[in-house]
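Below you'll find the structure, written out as structure tokens, and then a few comments.
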Amino acid sequence: MLKNAEPSKKVLKENPNDIEILSKLGSTYVRAGEDEKALEVYNRILKLDNTDFNALNNLGGIYRRLARYEDSVLVLERALTTGTNTNEVYYNLGHTYKLMGNYDDAADCFVTVIEENPNDVLAYNHLGSIQAARGEHAKALQTYNRALQVDKNHPILHYNSALSYLSLGKKEEAKLSFENALRTRPGWVEAMVDYADLLIGMNKNKEAQDLLSQAQKLKSEDV
């Protein structure tokens with residue numbers, strides 16, 4: 001039982017329909033990774049107020065994590081009708097569509113987010129990864145580069161750029177992107193292993209060996 005949830009539960013015994021307290025309880029369960037319990041709380045809120053934005057938006061994320069994608073889309077579409085924090089909802093909806101493999105709708109959502117907030121680095125990253133999944137690596141690199149203008153030290157953007165450069169056969173550019181990813185996030189084993197594969201392909205076996213030795217020390221159980 002979560003200790004952080006106890007104060008909210010005590011208040012709810014006296015005021016079982018207090019939406020503010022229920023919202024706090026739901027957030028506590030979400031942070032603890034107890035989505036099933038959070039689901040019950042947010043559905044309870046919606047029985048009291050079927051337009052509660054916080055409940056609708058959080059349910060969208062919970063359903064997605066539970067792989068209930070259709071439910072996630074439906075509840076997020078309801079969240080949009082409230083007119084509250086629509087950019088946040090489009091981001092959430094785009095994430096769900098992406099996991100569903102519905103890349104067209106997902107891309108549209110992330111484009112909407114970026115148009116509203118041109119500094120949303122994560123939205124750029126999602127859009128770029130969708131373009132890469134479609135095989136549009138040149139377009140993906142343009143998207144990643146736009147995001148890197150906002151945050152030049154974002155390791156995931158550098159890493160995803162490296163993968164797209166590799167797909168285009170641009171090894172030197174991929175090498176630089178891997179180096180930037182590891183400079184901004186030292187000890188990232190996945191990136192180290194992928195970079196080592198590139199180094200082997202470039203006949204830089206000593207560099208690859210040194211890199212893999214470092215990775216092995218960091219994650220000795222990694223086969």
Side-chain angles (χ1 to χ4, degrees), residues 1-13 15-80 82 84-102 105-106 109-110 113 117 120-127 129-130 133 151 154-157 159-160 181 184-193 218-223:
M1 183 178 294
L2 284 176
K3 290 184 179 180
N4 291 340
E6 288 308 299
S8 296
K9 287 184 174 181
K10 289 180 180 178
V11 175
L12 286 172
K13 286 182 179 179
N15 302 285
N17 295 333
D18 190 318
I19 289 179
E20 183 178 353
I21 298 301
L22 284 167
S23 294
K24 290 180 180 178
L25 180 59
S27 295
T28 299
Y29 284 136
V30 168
R31 287 193 298 271
E34 298 194 22
D35 280 336
E36 293 287 356
K37 290 183 178 179
L39 185 66
E40 293 178 11
V41 172
Y42 288 124
N43 276 322
R44 183 173 165 186
I45 291 173
L46 291 178
K47 287 180 180 179
L48 298 169
D49 179 2
N50 63 9
T51 64
D52 187 279
F53 171 79
N54 184 59
L56 291 168
N57 193 46
N58 276 289
L59 276 174
I62 292 169
Y63 283 136
R64 180 175 61 249
R65 290 190 293 276
L66 296 175
R68 293 173 58 178
Y69 300 128
E70 296 294 341
D71 288 331
S72 178
V73 169
L74 288 173
V75 78
L76 289 171
E77 287 177 344
R78 285 173 61 190
L80 281 176
T82 68
T84 305
N85 294 338
T86 55
N87 217 38
E88 183 179 343
V89 181
Y90 276 117
Y91 182 94
N92 215 354
L93 191 56
H95 197 176
T96 297
Y97 279 134
K98 183 181 176 185
L99 288 177
M100 293 173 72
N102 185 345
D105 286 337
C109 287
F110 290 120
V113 172
N117 180 12
D120 194 320
V121 172
L122 293 179
Y124 281 113
N125 184 62
H126 276 296
L127 179 59
S129 64
I130 289 169
D151 184 357
H154 200 292
I156 296 175
L157 290 169
Y159 175 75
N160 284 339
T184 54
R185 184 177 169 183
W188 185 2
V189 172
E190 182 182 3
M192 294 169 79
V193 172
L218 292 167
K219 196 173 181 182
S220 59
E221 74 279 7
D222 192 313
V223 176

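A quick note: this is a predicted structure, and the numbers were derived from the prediction, not measured.
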To the nearest 0.5 Å, how far apart are [atom1] in [X] and [atom2] in [Y]?
{"X": "I45", "Y": "N50", "atom1": "CD1", "atom2": "CG", "result": "12.5 Å"}
{"X": "N125", "Y": "H154", "atom1": "CG", "atom2": "NE2", "result": "6.5 Å"}
{"X": "L127", "Y": "C109", "atom1": "CG", "atom2": "SG", "result": "11.0 Å"}
{"X": "N92", "Y": "N85", "atom1": "CG", "atom2": "CG", "result": "11.5 Å"}
{"X": "L48", "Y": "D18", "atom1": "CG", "atom2": "CG", "result": "9.5 Å"}
{"X": "K47", "Y": "L22", "atom1": "NZ", "atom2": "CG", "result": "12.0 Å"}

On a heavy-atom basis, which atom in [X] and which in [Y] lie closest, and how many Å separate them?
{"X": "S72", "Y": "G60", "answer": "OG-O, 2.7 Å"}
{"X": "P155", "Y": "W188", "answer": "O-CZ3, 3.7 Å"}
{"X": "F110", "Y": "I130", "answer": "CD1-CD1, 3.9 Å"}
{"X": "A38", "Y": "I62", "answer": "CB-CD1, 3.7 Å"}
{"X": "A106", "Y": "G94", "answer": "CB-O, 3.5 Å"}
{"X": "T82", "Y": "A79", "answer": "OG1-O, 2.6 Å"}

Q.
Which label fits H126 and Y91: parallel for a plane angle under 30°, tilted from 30 to 60°, or perpendicular past 60°?
A. perpendicular

Contact between [X] and [Y] at the side-chain level, heavy atoms closer than 4.5 Å - yes or no?
{"X": "L218", "Y": "M192", "result": "yes"}
{"X": "S27", "Y": "Y42", "result": "yes"}
{"X": "R185", "Y": "Y159", "result": "no"}
{"X": "V73", "Y": "D105", "result": "no"}
{"X": "E34", "Y": "T28", "result": "no"}

**Q.** Pairwise salt bridge (charged side-chain N to carboxylate O under 4.0 Å, His left out) hits with a residue in residues 50-59, at least two apart
**A.** none

Q: Among residues two or more places apart or on two chains, list those pairs meeting salt bridge (charged side-chain N to carboxylate O under 4.0 Å, His left out) that have a residue in residues 53-68.
A: D35-R65, R68-D71

Q: Give a yes or no on whether Y90 atom OH has more than 12 heavy-atom contacts from other residues, nucleotides or ligands under 6.0 Å away.
A: no

Q: For atom CD of E77, decide whether the heavy atoms of other residues, nucleotides or ligands shown that lie under 6.0 angstrom number more than 12.
A: yes

Q) Any side-chain donor paired with an acceptor under 3.5 Å for E40 and Y29? A) no

Q: Decide yes or no on side-chain contact (heavy atoms from CB on, under 4.5 Å) for F53 and V89, but give the supporting numbers first.
A: CA-CA 10 Å; F53 171 79; V89 181; 3.3 Å; yes

Q | Under the side-chain hydrogen bond (donor to acceptor under 3.5 Å, both in side chains) test, residues paired with N58 that sit two or more places apart | A | N54

Q. Between N43 (side chain) and L39 (backbone), is there a donor-acceptor pair under 3.5 Å?
A. yes

Q | Evaluation steps, side-chain contact (heavy atoms from CB on, under 4.5 Å), between L56 and L76 | A | CA-CA 6 Å; L56 291 168; L76 289 171; over 6 Å; no

